[in-house]
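So the structure is just underneath, and the comments pick up after that.
Read the numbers this way: they start at 1 and go in the same order the structure lists the ligands and their atoms. Below, each value reflects all heavy atoms present in this structure, side chains not excepted, and no hydrogens, waters or symmetry copies. Counting from 1, the numbers follow the sequence of the chain as shown.
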Amino acid sequence: MILAPTHASITAAKDLLADGEVVVFPTETVYGLGANALRESAVRKIYALKARPATNPVIVHVADMLSLFELIASGARKELSLHLSKLEQFWPGPLTVVVPRAETVPDIVTAGKPSVGLRIPNHPVALELLKMCKFPLAAPSANRSNYISPTQAEHVEKQFKDKNLLILDGGTCEVGVESTVISLLTPTAPEILRPGGISAEQLSEALGVQVPVKPNAAKSNAAQVSPGLMPLHYAPGTKTTFLRDIDVSTLGDKRVGLVAFSRQRGALYPLNEVRVLSATGDLNEVAHGLFAALYELDQLGLDMILVDTCEERGLGMAIMNRLKRAVTA
Ligand code: TXA
Ligand code: MG
């Protein structure tokens with residue numbers, strides 16, 4: 001059930017969460033499937049709903065820095081405080097830090113790891129809900145495992161039709177790709193486990209060290225470090241290919257969709273269904289509309305979806321990271 005975010009509906013969501021149930025809430029990145037992070041039986045429901053492998057840890061969302069600190073192992077707080085003070089400028093926002101976990105965080109949240117992923121989301125509905133709850137919310141993206149993350153309430157409802165979930169409608173997610181996951185487990189050598197809404201360049205500048213992006217699972221065993229980096233994590237059901245890898249003149253009478261990053265690129269390829277994400281190729285607009293365009297084209301029963309490419313810099317790194325996982329051939 002999709003509900004407009006009023007004081008009454010957010011209170012109803014809080015009551016369900018306090019009872020150990022699962023609700024869907026909007027964030028600035030994508031919609032999250034939330035449960036009380038401190039209650040094992042509640043978090044277990046998230047894994048069941050998503051059919052998520054128990055080896056993939058979930059991110060814990062909090063309302064403020066004080067709550068964030070409480071979820072870090074007490075012995076590690078002091079060592080991390082300098083780093084966190086440099087990263088504080090990105091919160092609330094699309095940044096998740098992986099840090100040693102406090103004892104209060106159950107195994108199921110972290111997939112048994114000694115670390116936990118924490119973030120303060122930048123969405124008024126998420127923040128109001130978190131403040132009301134007074135406990136942190138474990139929340140992966142509100143999609144079934146291996147499908148595109150939802151950036152609109154309707155996408156969530158379609159994927160979980162039979163589940164009668166309470167879905168707080170926060171409109172279309174502003175950022176449109178998931179948060180950047182940065183590991184601070186070796187504080188002197190932070191590394192990006194998943195590129196996202198905050199760029200490697202921004203993080204390097206804030207921390208005063210070059211922050212590398214861990215190479216993806218296709219080339220290494222990074223899947224063990226952060227299973228969200230596994231190939232084909234974001235795949236639509238329709239065969240999906242990079243435009244650059246295809247000779248469009250050989251497509252014959254196939255019904256083909258295109259996700260173009262600029263108006264000019266869209267105009268170059270008069271295919272059956274063209275979605276232009278930005279008039280000018282602005283990567284913020286591309287990220288904002290990307291999953292919705294893939295989602296929409298995937299509903300049309302096309303023979304193939306072609307996707308545009310961009311330089312892997314800044315937000316372009318996150319965009320290309322997701323698309324490499326969406327291409328099926
Ligand atoms: O933007 C986002 O991060 C969204 C919204 C809802 O906040 N959430 C999200 O969650 O994308 P999910 O579960 O789809 O992806 C979480 C990512 C995965 O790649 C997971 O492996 C990584 O974060 N992660 C979480 N905890 C971790 C940990 N302790 N160590 C390493 N990676 C971790
Ligand atoms: Mg996800």
| task | Answer with side chain, backbone, both or neither: which part of E178 has a heavy atom less than 4.0 angstrom from an atom of ligand 1? | result | both
| message | Taking D308 first and then R265, would you say they form a salt bridge - that is, a charged N and a carboxylate O separated by under 4.0 Å? | response | yes
| request: Using side-chain contact (heavy atoms from CB on, under 4.5 Å) as the criterion, list what pairs up with E157, not counting sequence neighbours. | output: I2, I167
| task | For this output row, return yes or no: ring centroids of F25 and H123 closer than 6.0 angstrom. | result | no
| query | Parallel, tilted or perpendicular: which fits the ring planes of Y295 and H155, with parallel below 30° and perpendicular above 60°? | reply | parallel
| field | Close-contact set for ligand 1 against G32 heavy atoms, below 4.0 Å | value | 6 (C)
| remark: atom 10 (O) of ligand 1: of P140, G117, G176, the nearest heavy atom sits on P140
| field | Salt-bridge contact D107-R101 (side-chain N to carboxylate O under 4.0 Å) | value | yes
| query | Which atoms from ligand 1 have a heavy atom of T29 less than 4.0 Å away? | reply | 1 (O), 2 (C), 4 (C), 5 (C)
| Can a non-hydrogen atom of R119 be found less than 4.0 Å from any atom of ligand 1? | yes
| message | Side chain, backbone, both or neither: which applies to R52 and ligand 1 if a contact is any heavy-atom pair less than 4.0 Å apart? | response | side chain
| note | Numbered in order shown, the ligand 1 atoms found under 4.0 Å of a heavy atom of H61 are 5 (C), 6 (C), 7 (O)
| query | For ligand 1, is V98 a contact, meaning one of its heavy atoms is under 4.0 Å away? | reply | yes
| Check: N56 N/O within less than 3.5 Å of ligand 1 N/O | yes
| task | Would you check the N or O atoms of Y31, main chain and side chain alike, for any that come under 3.5 Å of an N or O of ligand 1? | result | no
